[in-house]
Amino acid sequence: MTHTQVKELVQALLDAPSSNPTVKEFAQSWLNAEGTPKQAELTKQLVSVAEQNIALIDETIGFAGSELATQILGAEGAANLLQHAKDIKAKGAEFCDCPGCTACKHIIDLKAEIA
């Protein structure tokens, strides 16, 4: 994995509307540290951050069926997310497929190359 590829994944974490503020802050710190020893230190933490912040599909289903999801996404948005999550679980998905979780999954899959 090249530095450019890692940078693209970190940028995807930052850009994903579904990434939580902690992930966005980490990603921004990583990008701000470009070319410094601090970036190398943060790179060592990248897989751990991804593992801690990827949502299992059952977690997504639980969220989508909650009152909180309805408040955040509206009734139709929550219902659509719930149906989508159930559909991808039925096809064998283990994780949420939102942009943030997808970036986390790519990072986890490349663990040996990043660490």
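Just so you know, residue 1 is the first one in the sequence shown, and it goes up from there. Small disclaimer: the values here were computed from a predicted structure and weren't measured.
If you chain together hydrophobic residues whose side chains sit under 4.5 Å apart, Val10 and Ile108 never meet in one group. Under the 4.5 Å side-chain heavy-atom criterion for ILVMFWY residues, a single connected hydrophobic cluster contains both Val23 and Leu31.
No donor-acceptor distance shorter than 3.5 angstrom exists from the side chain of Glu113 to the backbone of Leu110, with no hydrogens or angles considered. The backbone N or O of Gly35 sits less than 3.5 Å from a side-chain atom of Gln39, completing a donor-acceptor pair. Listed for the Ser19 side chain is a donor-acceptor partner under 3.5 Å among the backbone atoms of Leu13. Lys24 places a side-chain N or O within donor-acceptor distance of the main-chain N or O of Ala16, the cut-off being under 3.5 Å. In this structure, Thr70 contributes its side chain and Ala75 its backbone to no donor-acceptor pair below 3.5 Å.
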Test Leu42 against Trp30 for side-chain contact (heavy atoms from CB on, under 4.5 Å), laying out the working first.
-> CA-CA 6 Å; Leu42 292 170; Trp30 190 94; 3.6 Å; yes
Quick one: do Lys105 and Glu94 satisfy salt bridge (charged side-chain N to carboxylate O under 4.0 Å, His left out)? Show the steps, please.
-> CA-CA 10 Å; Lys105 179 74 169 105; Glu94 184 179 351; over 6 Å; no
Trace of the side-chain contact (heavy atoms from CB on, under 4.5 Å) decision for Phe63 with Leu73 = CA-CA 11 Å; Phe63 167 72; Leu73 304 171; 4.2 Å; yes
Do Gln5 and Thr2 pass the side-chain hydrogen bond (donor to acceptor under 3.5 Å, both in side chains) test, and can you show the C-alpha distance, the side-chain angles, and the key distance before you say yes or no?
-> CA-CA 5 Å; Gln5 291 169 313; Thr2 67; 3.3 Å; yes
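At a cut-off of 3.5 Å, with distance as the only test, no side-chain donor of Glu8 or His106 sits close to an acceptor on the other residue. Gln52 and Ser48 form a side-chain donor-acceptor contact under 3.5 Å, judged by distance and modelled atom types alone.
When every heavy atom of Ile54 is checked against every heavy atom of Cys101, the shortest pair comes out as CD1-O, 3.6 Å. Taking all atoms of both residues into account, the shortest heavy-atom contact from Ile107 to Ala50 is CG2-CB, 3.8 Å.
Between Phe26 and Leu46, the closest side-chain pair of non-hydrogen atoms falls below 4.5 Å.
Taking CG from Asn32 and NZ from Lys38, the interatomic distance works out to 9.5 Å, rounded to the nearest 0.5 Å. Interatomic distance, NZ of Lys7 versus CG of Leu14, reported as 12.0 Å (0.5 Å rounding). A distance of 7.0 Å separates OG1 of Thr22 from CG of Asn53, quoted to the nearest 0.5 Å. In this structure, Cys96 SG and Leu56 CG are separated by 10.0 Å, a value rounded to the nearest 0.5 Å.
Taking a cutoff of 4.0 Å between a charged side-chain nitrogen and a carboxylate oxygen, Lys91 and Asp87 do not qualify as a salt bridge. A salt bridge links Lys111 to Glu51: one of the charged nitrogens lies within less than 4.0 Å of a carboxylate oxygen.
Taking a 6.0 Å sphere around CD of Glu76, one finds it holds 12 or fewer heavy atoms contributed by other residues, nucleotides or ligands. Atom CD of Glu25 has 12 or fewer heavy atoms from other residues, nucleotides or ligands within 6.0 Å.
Test Leu81, Leu82, Ile88, Asp97 against Thr60 for side chain to side chain contact (heavy atoms under 4.5 Å, CB included) and you get one pass: Leu81.
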